[in-house]
Each structure stands twice: as structure tokens, then as C-alpha cells.
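In what follows, chains are A, B, ... by sequence order, proteins preceding strands, each numbered from 1.
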There are 2 protein chains.
Amino acid sequence: MSVEAKKRVPLSRERVLAAAVEIADAEGIDALTMRALAERLGVEAMSLYYHVANKAALLDGVADAVVGEILAAVTPTSAKDGADGEESGDPAPGLTASGAPSSDPSFDWRATLRTRVLAARAVLLRHPWAPPLLTRPGAFGPAAVFYFEGVLAILVRGGFSYDLAHHAIHALGSRAIGFSQELFTPGDATPDESDEVLEELAAQLPHLMGMLSEISHDDPASNLGWCDDQAEFEFGIDALLDGLEAARRRTSV
Amino acid sequence: MSVEAKKRVPLSRERVLAAAVEIADAEGIDALTMRALAERLGVEAMSLYYHVANKAALLDGVADAVVGEILAAVTPTSAKDGADGEESGDPAPGLTASGAPSSDPSFDWRATLRTRVLAARAVLLRHPWAPPLLTRPGAFGPAAVFYFEGVLAILVRGGFSYDLAHHAIHALGSRAIGFSQELFTPGDATPDESDEVLEELAAQLPHLMGMLSEISHDDPASNLGWCDDQAEFEFGIDALLDGLEAARRRTSV
DNA sequence: ACCTGAACACCGTTCAAGT
DNA sequence: ACCTGAACACCGTTCAAGT
């Protein structure tokens, strides 16, 4: 027994994935190597291959683990564990007792979806390395399936046909799960050209120059970095929800 | 002279980047290694470091090369090369002679931007490996600056303030340059569970099952794969443009 | 069933050296 | 100024072997 107490708890897929998330959180995704992961678990690198097929499968698993965290954040836990509300006698929201989709005129799908998306975003802000992982082919795992079942339920209950809801989910893209691909990240904007060349260049970019001079002055609230990502994200999701609501109204006439 | 003819043309940054694009087009981005690139250029791997700082700089350069191709596709070439229309005596579109932004009520910013975005998309469809590159920090190069100057010009001429145009560009995100991050790419959807487990799972996903059964049947036009990406992209950009037009109208009252 | 040790092929990158 | 050769540190992964 005393020997047993010293014996280390055996590895499991769950422990491997949890340790991988810890490494990525602490040191970034590039630091997540098979060797580093093994070391953190007090094990040799090759042992990992007993629990994950290879590195790609590891990253897929990590992605699904993060989505699982998102799922937990948007799923109200019921009093009894294991009962997730879908198992009661009542039909699921947006479904009649016979299983046909049914909309609910008093239901604010827009606000509900917005809240869900922002909650997902809050989780991703704790794992800023995760978004690129979620777009990898193969990263769409079980947790994502349940997350999007929820999104779909909101849309259907809000009056979207399955067809339109399908388009809407594509239109939302990564925004449906709380992030948007930023194309910018200027990072190290170190102009290594001479002032003269720079001025000539600026002359060819009148609108960009105009925008920059206006933006940097008139919004004292956005002094963290250049653009407030949270505010931009909310503007973007709202514009998209506006467009989707217009599409919904068009079809439900 | 006869010896000179045999001498190979010296490397240049441009030739390195062009060869890199060729490799990615032919064999995918993972095949783009420093060693493979050198071999294609008939040179030793270390020679590349004379023209690009390191691999990250190479990828940044490749990204800007692709954006350059996009820029060429959306920029109508004038009769005289070198004159790009901004150098005439007329003010740039969307600017008064004094340089202040001015909108043009008869200008259809929505259709113009839509056309530009779809043209950019057409280029990216030829380089399907490129989108992930464009989202890397540091990938926003000179070509992207000029591309977005053009986007901004369209918005301003269409009646957007610089501030609103700035939000709009963030809202468009990667869509502004012709792609949207697909979260799906089911790829190898090989359910390795038993039928019984699968059925139980399906019972928990009523909307997803409902949508799948409806989608797969009712649209005979979308038989290439599962979702027609081009159609979904267009639906998405249209929904977003609708939302942005609503925002523009709100501010210009 | 679970873990290890040694080895392999392949990376990006350094450095000093060639012309 | 431009390119090379040899070497280094580090990957993911194989295979046969241990318990």
C-alpha cells in the first residue's frame, strides 16, 4: 500500500489534453511539443503515442477541449448532474412534441445568440492561442457538434428555417464561436524607409492617412493598443445579426 | 560570352518569393521548406538567407506576394504603365480637391465593394493555402496597405465616415479580402462508434439531425461536396453588407 | 496494457569560409 | 556581394523491447 501511494497515476487521454492546454496557456502554442508535453507529465515522449495517434490528433483533441470549455460556459448546469434538460418530457426548445421545428414569436433569438457568442469569446480570451487551432481541418469535434446544436436551436426557435439557419451559421463563421480572424496585427510597424520615401507613399494613401489621423484622436476610450478588439467584435457581430434578421424577416413574410 | 550565357541568373528576393508560391501551389504549404525552396532554385539552402531574414520573413513575403496578385486583379491597369490614376489633376475618388472626404450619392458602394471582394476571392481560390498565411501577425505588407486604401476609398465615397469605415473594415475581417474562416471542414467524418451509440447521440441533436435531413435533399444544385462555399460566401458577405448599409444610413441621417 | 530507449529522417539556423 | 559546407539543436515518429 505504501508503495502504491507513490506510484504515479497512469496517463489518460484527458490528462494529456489538459497538460497540453496548460503548456499552451503558459508558454504559447509553439512550446507545445511532444517532448515538452511528455516532460510536464513526467513521462517519456513516446508514451504519449499510446493515448493520441500523433501530433495532429493531439491538436484536434486540444481544440475540442477548448470548445468543451466554451460549451460548459454557455450550458446552464441543471441541479441534477447528467440531466441536461433535453431529457425531460418536454420537447426541446424550437421543437414541437412531434419533433417538427416551431418558432416562438416572443423569443429574442438575436439577444440570446449574441450572449452565447460573447460568452464563447470570453473563454477564448483566456486561450488566445486557440482560434487558429479551431480552424484546422479535423478540429470540429464532439463539443463543437453540441455547441452548434445549441446555435441551431436558437435560430430555429427564432423563426429561421433549417435552410436559412444553415446559411446563417456559415455567414457567422468563426464569429459563431466567439472570434474573428483579424487580418491586421500590425505588430512591428517599423518603417525602415527614409522620411522622403515615406512621405511620397503617404501621398498615395490619402484615405488611409485621413482615417489614421482621425481615429487616433477622437476616441479617448480606445487607448489600449490601436483598436479595441472587443468593441470591434461587437460592432461586427451586431452588423451581421442585423443582416441575418433582415434575411429572416424576408422569408417569414 | 559563351561562359556568361551558362552562368545562372543571380537570386533575388522576387525570384525566391515566386518560387515559394510555385511550390505551395504545386505541393501545398507544408512542402515549402527552406531546403525544398533552395533545391527548386538550384541553390544551397543557406543562400536563401541572403535574401530573406528567416522562414517567418519568407512566409510574410509570400503572403504579400499573393495580396499583390489580388491587388493587380482589382486595379484596372491604365493605358500608360506607371500612371495609376491617382496622379492626374483630379482629386482621388471620395476626396474633394482640398483633400477632405466627400461622399457621392449616386455611387453604389455596396456593389463596388462586393465586386472587389469577389475578385479577391477568385485569386485566393487559385492559392487555397494562402488564407492561413494572411492571418499571421506580420503578414500585413505593402500590397495589403494599398488594397485596403482601395476598400476605404469605396466606403468613404459611399458615405461612410472614417470612423464608421474603420469599424466596417474590422467587421468585414478576412471577408474584405475574399475569404472566410470556415470552422467546419469535416474532412474525414468517420464515425467509429457503434450504431447504437450513434443513435443515442442523434437523439440529443434534434436540430442538427433535422437540418441535415432537410439540407441534403432539397438543394439539387449543391452537389459538389456538402455546402457550396461560393454560395455561402456570397450569402455571408451580402448579410454583412446589409448590416453595414443599415449602419451607414443610421449615421447619415 | 502501458511505458521506455535508441535510432531515423527531417527541420530551421549558426558560423566560418570560399569566390 | 553573393553563395557554400559542415555542423548544431530540435522536431515528430519508427521500432523492438521492456514490465
d(CG, Leu48(B); P, dA1(D)) in whole Å: 19 Å
The dot-bracket string of DNA chain D, counting Watson-Crick and G-U wobble pairs with both distances under 3.5 Å, using [ ] for crossing pairs and | for pairs to another strand, is ||.|||||...|||||.||
Rounded to the nearest 0.5 Å, what separates atom CG in Leu113(B) from atom CG in Leu155(B)? 6.0 Å
For atom CZ of Arg15(B) and atom P of dC2(D), their distance in whole Å: 13 Å
Taken to the nearest whole Å, CG/Asn54(B) to P/dT13(C) is 5 Å
Is there a donor-acceptor contact under 3.5 Å linking the side chains of Gln204(B) and Glu200(B)? no
Given atom NZ of Lys55(B) and atom P of dC10(C), what is their separation to the nearest angstrom? 15 Å
Polar side-chain atom of Ser174(B) near backbone of Phe179(B) as donor-acceptor pair, under 3.5 Å: yes
Looking only at dC11(C), dA1(C), dG5(D), the nucleotide nearest the Glu44(B) side chain is dG5(D)
Nearest 0.5 Å please: distance from the CZ atom of Arg126(A) over to the CD1 atom of Ile70(A). 9.5 Å
Given atom CZ of Arg35(A) and atom P of dT4(C), what is their separation to the nearest angstrom? 14 Å
Hey, could you give me the CG/CG distance between Asp25(B) and Leu32(B), rounded to the nearest 0.5 Å? 10.5 Å
Full working for side chain to side chain contact (heavy atoms under 4.5 Å, CB included) between Tyr147(B) and Ile177(B): CA-CA 8 Å; Tyr147(B) 181 83; Ile177(B) 204 163; 3.7 Å; yes
Can you tell me how far P of dG12(C) sits from CG of Leu59(B), to the nearest Å? 9 Å
Can you tell me how far apart CD1 (Ile237(B)) and CG (Leu118(B)) are? Round to the nearest 0.5 Å. 7.5 Å
Distance check: side-chain N/O of Tyr50(B) vs OP1/OP2 of dC2(D), anything under 4.0 Å? yes
Side chain to side chain contact (heavy atoms under 4.5 Å, CB included) between Gln230(B) and Leu125(B): does it pass, once the steps are laid out? CA-CA 10 Å; Gln230(B) 178 70 23; Leu125(B) 288 177; 4.2 Å; yes
Contact letters for nucleotides 14-19 of chain C, in which S counts primed atoms plus P, OP1 and OP2 and B counts the base, heavy atoms under 4.0 Å: B-----
Please determine whether a side-chain nitrogen or oxygen atom of Ser47(B) lies at a distance below 4.0 Å from atom OP1 or OP2 of dC2(D). no
Please determine whether side chain to side chain contact (heavy atoms under 4.5 Å, CB included) holds for the pair Leu58(B) and Leu48(B), giving the CA-CA distance in whole Å, both sets of side-chain angles, and the decisive distance to 0.1 Å. CA-CA 9 Å; Leu58(B) 171 71; Leu48(B) 301 173; over 6 Å; no
5' priority, DNA chain D, between Ala56(A) and Ser12(B) [closest heavy atom]: Ser12(B)
Tell me: CZ of Arg13(A) to P of dA1(C), nearest whole Å? 19 Å
Interatomic distance where NE2 belongs to His51(B) and C1' belongs to dC3(D) [whole Å]: 9 Å
